[in-house]
Amino acid sequence: MSRIGKKPVDLPSGVEAKVSGQTIEVKGPKGTRSFTATDDVTITVNDGAVSVDPRGKSKRARQQWGMSRTMVSNLVTGVSTGFTKELEINGVGYRAQMQGNTLKLSLGYSHEVNFEVPDGVTVTAPKQTQVIVEGIDQQLVGQVAANIREWRKPEPYKGKGIKYVDEYIFRKEGKKK
């Protein structure tokens with residue numbers, strides 16, 4: 001039995017869910033998202049909650065059960081509150097600023113890095129050393145944050161680079177004379 005799959009996903013106020021076949025569409029104040037489940041699970045909406053049940057006892061049905069429930073939960077969270085990732089920039093002269101739909105990063109290269117923000121996410125730079133990525137699609141928010149971080153990963157000696165706010169950088173001791 002899937003512990004995650006057994007729990008129904010509660011729908012907060014202002015969020016509606018419709019099931020047609022294997023596709024569930026969730027509408028909320030931040031937008032609309034949909035997910036198509038495999039034929040191994042059944043999705044039902046009843047009195048303010050979405051429940052996912054396996055069709056049979058096969059291993060694949062049990063695998064899809066918990067995963068499908070988590071996907072539905074992420075849809076509901078995305079359209080009601082949204083997802084955010086915060087990045088922090090450390091280093092002398094390292095900074096970020098938004099210009100239109102482009103994030104301009106000065107990261108110690110001979111040129112500025114221009115990062116085009118894709119549709120579906122919003123990127124803000126409230127401070128020169130802070131970047132916030134927000135959106136209703138958890139996968140897209142995480143991927144955009146990872147792409148920004150990829151330009152200058154934090155290094156272990158001085159801690160310079162772009163890191164997640166909650167990330168711990170294991171520091172190393174430098175050379176000794």
Side-chain angles (χ1 to χ4, degrees), residues 1-89 96 98 101-103 115-127 130-151 153-154 162-170:
M1 290 289 278
S2 171
R3 283 194 222 167
I4 292 172
K6 280 192 283 187
K7 296 179 192 165
V9 179
D10 293 326
L11 296 174
S13 61
V15 176
E16 302 172 4
K18 277 193 302 193
V19 177
S20 59
Q22 288 299 99
T23 303
I24 181 166
E25 188 177 284
V26 182
K27 245 183 229 173
K30 292 200 176 256
T32 305
R33 296 278 329 240
S34 65
F35 167 69
T36 304
T38 61
D39 291 331
D40 299 310
V41 294
T42 306
I43 300 174
T44 55
V45 178
N46 42 4
D47 42 284
V50 179
S51 58
V52 180
D53 297 307
R55 288 184 185 166
K57 302 259 186 223
S58 68
K59 183 175 182 180
R60 180 168 162 79
R62 287 180 288 137
Q63 290 171 338
Q64 295 294 321
W65 185 18
M67 193 272 304
S68 297
R69 190 263 180 207
T70 303
M71 293 297 286
V72 171
S73 174
N74 287 343
L75 294 182
V76 171
T77 305
V79 298
S80 59
T81 58
F83 295 100
T84 60
K85 286 271 188 185
E86 289 188 41
L87 298 163
E88 189 178 278
I89 301 173
M98 282 299 297
N101 199 29
T102 305
L103 178 67
F115 183 81
E116 289 293 325
V117 179
D119 295 335
V121 293
T122 56
V123 176
T124 55
K127 293 189 239 168
Q130 185 182 21
V131 176
I132 299 173
V133 183
E134 296 174 310
I136 63 172
D137 185 356
Q138 185 180 30
Q139 192 275 329
L140 187 60
V141 168
Q143 188 61 55
V144 169
N147 291 346
I148 293 171
R149 182 181 180 271
E150 193 74 26
W151 281 103
K153 287 185 179 171
I162 303 173
K163 71 178 192 82
Y164 297 110
V165 167
D166 56 353
E167 183 179 12
Y168 174 74
I169 305 301
F170 181 75

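Starting from 1, each residue takes its place in the sequence as its number. Reckoned from all heavy atoms, side chains included, excluding hydrogens, waters and symmetry mates.
Residue E16 places its CD atom among 12 or fewer non-hydrogen atoms of other residues, nucleotides or ligands, all under 6.0 Å distant. More than 12 heavy-atom neighbours from other residues, nucleotides or ligands sit within 6.0 angstrom of CG on N46.
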Step by step, work out the salt bridge (Lys or Arg N to Asp or Glu O under 4.0 Å) result for K30 and E134.
-> CA-CA 11 Å; K30 292 200 176 256; E134 296 174 310; over 6 Å; no
Step-by-step side chain to side chain contact (heavy atoms under 4.5 Å, CB included) determination, T32 to E25 = CA-CA 7 Å; T32 305; E25 188 177 284; 3.7 Å; yes
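A 4.5 Å side-chain heavy-atom check between Y164 and L87 finds at least one atom pair inside the cut-off. Side-chain contact between V79 and K27 is absent, with no heavy-atom pair separated by less than 4.5 Å. A 4.5 Å side-chain heavy-atom check between T44 and V19 finds every atom pair outside the cut-off. Side-chain contact between V50 and L11 is present, with at least one heavy-atom pair separated by less than 4.5 Å.
D53 places no side-chain N or O within donor-acceptor distance of the main-chain N or O of T42, the cut-off being under 3.5 Å. With hydrogens and angles disregarded, no donor-acceptor distance shorter than 3.5 Å links the side chain of S73 to the backbone of R69.
Minimum heavy-atom separation, D10 to A49: OD1-CB, 3.9 Å. Here the shortest heavy-atom pairing between I162 and I148 reads CD1-O, 3.4 Å. Minimum heavy-atom separation, N147 to F115: CB-CE1, 3.8 Å. Summarising the geometry of K163 relative to P154, their closest heavy-atom pair is CB-CG, 3.9 Å, with the distance given to 0.1 Å. Listed here is the closest heavy atom pair of A61 and V41: O-CG1, 4.2 Å. Between V141 and G135, the shortest heavy-atom distance links the atoms CG2-N, 3.5 Å.
Expressed to the nearest 0.5 Å, how far CG of D119 lies from CG of N101 amounts to 7.0 Å. Remark: E86 CD to T124 OG1 distance equals 8.5 Å, nearest 0.5 Å. Put simply, CE on M71 and OG1 on T36 are 10.0 Å apart, with the number rounded to the nearest 0.5 Å. Atom OG of S68 is separated from atom CD1 of I24 by 10.5 Å, given to the nearest 0.5 angstrom. Once rounded to the nearest 0.5 Å, the distance linking CG of N74 with CZ of F35 reads 10.0 Å. Between R33 atom CZ and T77 atom OG1 the span is 11.0 Å, to the nearest 0.5 Å.
The side-chain hydrogen bond (donor to acceptor under 3.5 Å, both in side chains) with D40 is formed by just one residue from the set Q63, R60, R62, K59; it is R60.
When the side chain to side chain donor-acceptor pair (under 3.5 Å) test is applied to Q22, the partners found at least two apart in sequence or on another chain are R55.
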